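One structure below.
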Amino acid sequence: MLSLHSLRAALAALTLLAAPVLAQAPVSEGSAPATSTGVSAPVVSETSESSSQVDADSTQHPHPDPLPGGEGATADDEMMAESATPPPGFTGVYGQITDAQTKEALIEATVKVVTGGQKSVLTDIDGNYQLALPPGKYDLRVFYDVYEGRRITGVIVEQGKATKLDVQLSADAGAVQEVVVEARADRRAEGALLQERKKAAAVSDSISSQEIARTPDSSASDAVKRVVSVTVVDGRFMLLRGLGGRYSVTLLNGALLPSPEPDEPSVPLDLFPTSLLANLNVVKSYTSDLPGTFGGGTLLIETNTYPSKFEFKPRITFSGDSVSTFQQRNTHPGSFLEALSFAGPDRHLPAGLPQNERMGSSAGTWQSFPNIWSSRQSTALPNLGLGASMGDTLRFGNSRLGYLATVNYGHKESVRVSEFARADMPVGQLQAQDATRAVQGTEGATLSALASVGYQFDRDNELTFFSLYTRGTDSSTFTSRGVNNGRSETFESTRLQFVSRALSFNQVRGFHRLNTLADAELDWQANFSRVDRDEPDTRDTLYSDDLGSPTGKFAFPNQPNSGERFFGTLGETSTGGSASLTVPFSDLRLKAGGLAQVSFRDFEARRFRYQLTDTPVDTALPPEELFASSNLGTGIRMRETTRGDDAYDAYLGVFAGFVTADYKPVEPLRLVGGVRVEQSLQQLTAHSPFDTSPTASTNASYLDVLPAFNAVYALRPDMNLRAGYSYTLARPTFRELAPFIFFDFVRRRNVSGNPNLLETRIHNLDTRLEWFVGENEVLAASVFYKNFQSPIERILRYSGDMGFENADGANSFGAELEARASLGRIAPVLSHFRAAANLTLIQSNIVLTDPEKLGAQTNSRRPMQGQSPYVINLNLGYDRPESGTEVALLYNVYGPRISEVGLNPLPDVYEQPFHRVDLSVSQKLGNGLQLKLTGSNLLDSAVVLDQGGITILKYRPGIAFSAALGWTL
């Protein structure tokens with residue numbers, strides 16, 4: 001556990017990192033204002049906007065500024081000025097558009113009327129423009145590639161008078177180096193994301209593809225833990241500010257993603273290879289255009305889009321670790337298809353097995369199951385990764401067509417050696433019981449493909465088609481040997497398990513600028529997705545011997561958890577769409593929209609068990625001989641133990657409408673307020689796998705009104721003070737509402753749902769001070785508080801089974817500190833070095849005063865499950881573009897968190913801090929070749945679960961290493 005001294009040291013490191021930045025950061029003077037001279041035309045107000053966006057306030061939509069040249073407007077609306085001075089009697093606006101720093105003319109800059117008319121004009125080779133307008137009052141927008149656009153409001157045009165309006169545009173410091181052709185900001189770049197973060201309405205943090213490339217991270221689950229206050233459990237599931245599961249939502253390109261896990265609402269992020277990602281953005285303060293399920297935050301996954309020019313990038317990676325590579329590992333036979341991440345045909349239910357009724361007593365049917373139970377040994381080979389991507393942008397006059405295709409394949413072999421124990425109080429003192437050593441060998445394969453096609457008709461209309469398919473499989477073989485003190489026996493057990501998970505996601509998106517409606521913007525998307533989880537033929541065997549009077553050999557006991565087979569499938573189909581309309585006014589932007597998303601889930605399981613009969617049989621025989629056809633029907637019988645409620649169908653429908661007002665009463669202050677109305681319906685029907693007649697069902701319907709308010713005060717152009725409040729929700733999951741008992745096959749215990757569960761409602765408060773010191777530099781300090789009404793908690797019964805109840809309440813509050821800076825601020829010789837650090841401190845408390853709700857739990861007041869009191873990330877980097885060398889040294893640690901709630905009188909189980917140090921070295925070799933070498937967990941840290949001072953689980957993942965070679969054509 002990290003001591004108070006260590007935390008103080010971490011705070012000191014943050015202070016030292018921030019000190020040179022605070023001392024040497026240049027004072028930003030902002031952008032030069034537009035000047036207005038002429039007959040009349042007083043300028044009421046003006047605002048700046050990034051060139052990579054349509055408006056400064058439209059930071060949410062992903063569409064770039066259109067191509068220069070004004071495609072989409074008519075010939076009458078657009079013209080090139082021929083003279084700097086308009087002719088006598090000219091009625092309208094004229095002037096020059098120049099660079100605010102160099103004073104050079106900007107050729108083909110756009111001056112567009114957004115309120116009061118629909119005309120636009122391009123500047124000539126001297127930066128001059130003339131825009132003929134009838135008398136009236138107008139709002140104009142002036143923008144140019146890689147420059148911060150400006151909005152000028154309240155321009156007065158009088159009959160027969162020419163109003164002179166000269167405008168100076170400042171280069172967008174965060175986008176100039178990150179913009180490819182045609183002002184399309186590269187959202188994979190760190191600087192571009194910091195610019196978006198500065199202009200966002202909500203508190204947010206992100207990690208770009210550029211940053212991810214500097215780390216050894218291979219999947220989104222590895223990469224996201226680098227974000228401030230994010231931790232990952234089980235290597236797959238994300239916790240935001242210590243909250244996961246029901247308290248966080250994952251959006252892929254703006255669309256809701258379902259989870260392929262039967263008991264976990266979180267999306268497993270290990271399904272997404274980092275090569276598919278453009279960036280990961282975590283929104284921490286709520287806005288009404290996001291789904292109402294919001295506690296810790298919302299993760300926005302953005303995938304790569306097509307490049308500006310043709311590129312082809314093949315790559316190959318070899319990796320391994322000190323525990324697994326070239327070591328002996330457990331394995332069991334599988335087909336060649338499993339190396340490609342598909343289940344082999346031998347794992348599925350036998351063809352002769354009845355599908356609509358229970359298995360009968362025919363020994364012939366029993367013999368159709370594969371008789372493989374024991375583990376085998378093989379040598380774990382290095383892991384392999386293959387990938388390639390190809391993309392381009394094709395131009396057709398004023399239109400363009402972009403495409404990107406990516407495919408990735410990975411194969412991994414691993415070994416895990418674990419030490420288990422159970423804490424107990426047999427004589428009133430906590431003692432370690434059931435000491436066990438387990439060895440797990442795993443062979444995994446991943447396959448993913450992405451295709452994206454976008455067509456920009458003109459500067460005002462764009463259509464994008466996107467498709468993603470990703471799947472992963474794990475073929476695991478567990479062997480364990482230990483003591484069961486409760487049964488007074490020693491035992492040997494084996495589990496053969498194969499699990500596959502797949503996600504298919506398809507989406508079409510559109511963006512349209514409506515010139516007939518004050519330059520309003522229409523965004524829409526429609527999506528269809530399917531997730532599947534298949535666990536075919538998990539096999540468990542257990543052999544035991546008497547502990548007090550050992551016979552010297554292990555025998556098959558006639559008890560559960562031995563001689564069992566399990567088949568389980570889960571599928572969920574989700575479809576829906578959303579649309580929003582943004583209408584700009586002088587100092588106000590209104591955004592309204594809606595969402596409809598429906599999901600259909602089906603789950604089915606079948607279970608079988610081998611049992612001894614009255615006919616004598618040698619129970620010491622290995623399982624392949626004991627369950628051989630010669631014994632089936634005589635000494636051994638096979639029985640189907642499938643429950644009558646081992647299948648269910650479920651439905652979730654979410655329908656929402658929202659409105660948001662983005663208002664600037666004065667230039668430094670921005671107020672964003674909105675409300676979302678969300679209707680949801682959850683239905684679950686349990687039934688037998690052989691009969692769809694319901695055995696139990698539940699319905700839960702909610703209508704929620706969710707207000708949100710955010711305020712941003714620009715203390716200076718590069719410094720924001722933020723504050724936000726929102727009232728959000730968290731819904732029970734399908735399984736938690738189910739009014740029947742189902743079996744948790746992971747923890748081997750019964751779980752009972754509770755149809756009386758209430759929604760959790762959450763008050764969220766956020767404040768942040770952030771200073772964007774340089775292009776890739778930032779200093780930030782945040783404080784947040786959350787109050788939970790009726791939070792849902794897992795309750796452990798005295799029987800050892802688990803249920804769910806609404807707790808009385810809970811609170812969580814914390815602070816976040818972040819610093820990123822170039823060490824060149826300390827001394828020029830260090831200009832190639834960069835450093836980053838972030839620290840999160842969180843305290844939470846949940847209250848369970850009702851004895852019935854408390855159940856068998858030991859503590860009525862404790863931290864929320866999975867909540868770490870602190871999270872620390874440190875990053876020291878070296879980048880020398882001249883030689884193509886890049887080095888990154890990274891450190892990550894999280895504080896102790898509750899893994900399992902303790903049963904009375906046993907204390908809670910805590911996962912201890914894991915100190916991870918990673919090193920990455922990347923070198924360009926010329927001719928488009930790049931070599932990347934990485935090392936992970938260089939301290940060889942161990943995963944440890946502790947219960948009252950007793951280590952109940954310990955294993956070492958090992959020191960991992962990889963070598964990747966990429967080629968860009």
Side-chain angles (χ1 to χ4, degrees), residues 7 10-30 48 56-57 59 173-174 190-191 193-207 227-230 240-241 281-287 296-297 662 664-673 708-726 764-786 812-822 825 835-843 870-875:
L7 285 176
L11 284 168
L14 280 167
T15 305
L16 288 173
L17 178 59
V21 179
L22 293 169
Q24 301 187 30
V27 176
S28 175
E29 298 177 356
S48 64
D57 302 336
T59 56
E190 181 179 6
L193 281 188
L194 284 179
Q195 286 297 306
E196 287 192 5
R197 171 174 158 180
K198 180 174 71 174
K199 297 172 182 178
V203 174
S204 63
D205 292 304
S206 58
I207 181 169
V227 179
V228 185
S229 78
V230 176
L240 299 178
R241 289 177 166 175
N281 188 22
V282 177
V283 181
K284 296 181 176 179
S285 65
Y286 181 71
T287 55
D662 195 334
K664 288 188 175 180
V666 292
E667 179 56 31
L669 180 62
R670 179 183 178 190
L671 303 177
V672 184
F709 178 79
N710 287 273
V712 185
Y713 189 85
L715 299 173
R716 38 190 282 173
D718 58 357
M719 185 180 293
N720 291 329
L721 178 62
R722 298 178 177 273
Y725 164 78
S726 60
N764 306 277
L765 287 171
D766 287 270
T767 60
R768 170 176 285 185
L769 177 63
E770 54 190 7
W771 182 12
F772 299 89
V773 186
E775 179 185 349
N776 298 319
E777 299 174 310
V778 65
L779 299 176
S782 308
V783 178
F784 65 89
Y785 170 76
K786 297 179 183 293
S812 176
F813 55 90
E816 299 167 343
L817 299 176
E818 179 188 13
R820 298 189 218 175
S822 168
R825 292 183 176 276
N838 61 70
L839 168 67
T840 303
L841 301 174
I842 304 176
Q843 181 173 337
Y870 60 84
V871 182
I872 300 173
N873 280 291
L874 302 175
N875 183 338

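Keep in mind that what you see is a predicted model, and the values were worked out from it rather than measured.
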Only counting residues at least two apart or in another chain, list the ones meeting side-chain hydrogen bond (donor to acceptor under 3.5 Å, both in side chains) with D766. R241

Distance col, row S229:OG vs L839:CG, nearest 0.5 angstrom, shows 10.5 Å

Is a side-chain N or O of R670 found less than 3.5 angstrom from the main chain of K199, in a donor-acceptor match? yes

To the nearest 0.5 Å, tell me how far D718 CG sits from L194 CG. 12.0 Å

Determine the minimum heavy-atom distance between S726 and Y286, stating which atoms define it. OG-CB, 3.3 Å

Passing option when S285 is tested against N764, T767, N710 for side-chain contact (heavy atoms from CB on, under 4.5 Å): N710

Of all heavy-atom pairs between P665 and L671, which one has the smallest distance, and what is that distance? CG-CD1, 4.1 Å

Results of side-chain hydrogen bond (donor to acceptor under 3.5 Å, both in side chains) for D205 - residues two or more places apart only: R197, K284, R768

Could you report the tightest heavy-atom contact between V283 and A202, atom names first, then the distance? CG1-CB, 4.1 Å

With a 3.5 Å distance limit and no angle check, can you tell me whether E777 reaches the backbone of S822 through a side-chain donor-acceptor pair? yes

Identify, with sequence neighbours excluded, every residue that meets side-chain hydrogen bond (donor to acceptor under 3.5 Å, both in side chains) alongside N873. N838, N892

Taking side-chain hydrogen bond (donor to acceptor under 3.5 Å, both in side chains) as the definition, give me every residue that meets it alongside S812, ordered by chain and number, with sequence neighbours left out. none

Looking only at heavy atoms, the pair that brings K786 and G296 closest together is CE-CA, 4.4 Å

Residues forming a side-chain contact (heavy atoms from CB on, under 4.5 Å) with L715, sequence neighbours excluded: Y713, M719, L721, L769

Taken in chain and number order and not counting sequence neighbours, the residues that satisfy side-chain contact (heavy atoms from CB on, under 4.5 Å) with Y785 are L765, N787, N811, F813

Can you find a heavy atom in the side chain of W771 that is under 4.5 Å from one in the side chain of R716? yes

Give the intermediate values and the outcome of side-chain contact (heavy atoms from CB on, under 4.5 Å) for residues V230 and V871. CA-CA 8 Å; V230 176; V871 182; over 6 Å; no

Please assess N281 against L193 for the test side-chain contact (heavy atoms from CB on, under 4.5 Å), listing each intermediate value before the final yes or no. CA-CA 9 Å; N281 188 22; L193 281 188; over 6 Å; no

